[in-house]
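To start, the structure under review is shown below, and the notes come after it.
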There are 2 protein chains.
Amino acid sequence: MMKYKELGLKLTPQRLSILSCLEGNRDHPTAEDIYRKVSKKFPTMSLATVYNTLETLKRHGKLASITIDPDKKHFDPNLEKHHHLICSSCKKIADIHIDFDLAVPREATQGFQITGSQVEFYGICPECRKKSGR
Amino acid sequence: MMKYKELGLKLTPQRLSILSCLEGNRDHPTAEDIYRKVSKKFPTMSLATVYNTLETLKRHGKLASITIDPDKKHFDPNLEKHHHLICSSCKKIADIHIDFDLAVPREATQGFQITGSQVEFYGICPECRKKSGR
DNA sequence: GTACGTGCAAAGGTTTTGCATTACA
DNA sequence: TGTAATGCAAAACCTTTGCACGTAC
């Protein structure tokens with residue numbers, strides 16, 4: 001676990017449980033997902049605390065958020081550059097660790113200063129393919 | 001304008017005004033944006049009608065929706081394959097018409113059947129760069 | 001005439017906020 | 001002890017839905 005104290009963050013039990021839930025998590029959970037998981041061991045946990053903590057982590061660059069599901073925000077503790085693949089049917093999100101060449105020629109930037117990029121792939125996951133008969 | 005009648009869609013005045021608002025629109029408007037614009041000429045227009053119409057157009061493949069702004073859905077009548085560039089500051093969305101090679105080797109698909117892809121670029125638009133002193 | 005669209009209001013779902021209480025440091 | 005986090009409830013948004021009425025075809 002990283003040094004959260006150095007960021008001026010107080011290490012409350014609630015935060016520790018949220019952090020341990022995020023640690024190595026590759027499921028791209030929503031706030032609600034994290035709340036459900038953490039509530040089991042920590043029945044007094046408030047959903048607002050989850051949102052607050054996630055927002056704080058984001059502000060400190062310890063957490064990324066993913067805008068790929070139109071219905072809710074997903075979070076991703078994996079800070080390595082990577083891309084996502086979402087199942088159009090069940091909305092499951094998988095990682096794709098491929099480094100694409102996404103250079104944009106200056107004349108196509110329309111004056112924007114480009115700071116980052118992200119590829120989203122859409123598809124059908126193995127489970128949903130089975131269910132629908134491929 | 002395309003043949004909406006052939007799709008079994010009734011051409012009401014409300015729909016015609018929404019359609020004309022979308023025609024050639026490269027602003028990636030939200031439902032609210034469209035509602036505001038159309039309401040001026042059509043004060044009785046309901047926001048629900050805008051949502052319903054947009055959903056209907058989407059279902060018939062006449063309109064795409066964009067999941068790039070975490071706060072609200074944007075719509076795009078431009079059905080050509082293209083990518084987007086969003087200003088992290090003002091959330092303005094611009095188009096990028098570049099054809100990237102986004103082939104994913106089979107062993108990286110994790111069993112997904114990939115049906116599409118989309119690149120999102122993040123940056124700062126010219127106006128926001130000026131405001132913040134570059 | 002009938003099926004579909006409209007408009008209003010209400011509901012649903014996600015995320016944020018205000019505020020008193022609690023607890024880390 | 002002082003500052004920041006928690007937890008609850010309420011509010012703020014965006015989006016969807018139910019239903020009575022109206023209208024395109």
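Quick note on labels: first sequence line is chain A, next is B, and so on, each numbered from 1. None of the values given here were measured: they were computed from a predicted structure.
Between D:dG7 and A:Q14, a contact under 4.0 Å exists linking OP1 or OP2 to a side-chain N or O. One finds no side-chain N or O of A:Y51 lying less than 4.0 angstrom from the OP1 or OP2 phosphate oxygen of C:dT16. For the OP1/OP2 pair of C:dG7 and a distance below 4.0 Å, the side-chain nitrogens and oxygens of B:T49 include at least one atom meeting the criterion. The shortest distance between the side-chain N/O atoms of B:T12 and the OP1/OP2 oxygens of D:dA24 is not below 4.0 Å. A close approach under 4.0 Å does not occur between any side-chain nitrogen or oxygen of B:S46 and OP1 or OP2 of C:dA9.
Residue B:K10 contributes atom NZ, which lies 7 Å from atom P of C:dC4 at whole-angstrom precision. Taking atom CG of A:L47 as the reference point, atom C1' of D:dA10 lies 14 Å away to the nearest angstrom. The CZ atom of A:F42 sits 11 Å away from the C1' atom of C:dA23 (whole-angstrom rounding). Taking atom CG of residue A:L7 and atom P of nucleotide C:dA25, one finds them 13 Å apart after rounding to whole Å. In this entry the distance linking NZ of B:K72 with C1' of C:dT15 reads 14 Å, nearest Å. One can place CG of B:N52 at 13 Å from C1' of D:dC19, the figure rounded to the nearest angstrom. Atoms CG (B:L11) and P (C:dT6) sit 10 Å apart, rounded to a whole Å. The interatomic distance linking A:L9 (CG) with D:dA5 (P) rounds to 7 Å, in whole Å.
Around NZ of B:K40, the count of heavy atoms belonging to other residues, nucleotides or ligands within 6.0 Å does not exceed 12.
Here A:P13 lies in heavy-atom contact (under 4.0 Å) with sugar-phosphate atoms only. Counting non-hydrogen atoms under 4.0 angstrom, B:T53 reaches the backbone sugars and phosphates but no base. At the heavy-atom level, A:T44 lies under 4.0 Å from the strands shown only through sugar-phosphate atoms. Here A:T56 lies out of heavy-atom contact (under 4.0 Å) with every strand.
In terms of modelled atom types and a separation under 3.5 Å, the side chain of A:H82 and the main chain of A:H97 share no donor-acceptor contact. Between the side chain of A:R26 and the backbone N or O of A:D95 there is no donor-acceptor pair closer than 3.5 Å. Panel note: side chain B:K73, backbone B:A31; no donor-acceptor pair is recorded below 3.5 Å.
Mapping B:G8 and B:D71 onto DNA chain C via the closest heavy atom, the residue that lands nearer the 5' end is B:G8.
Checked against a 6.0 Å centroid threshold, the rings of A:H74 and A:H84 do not count as neighbours.
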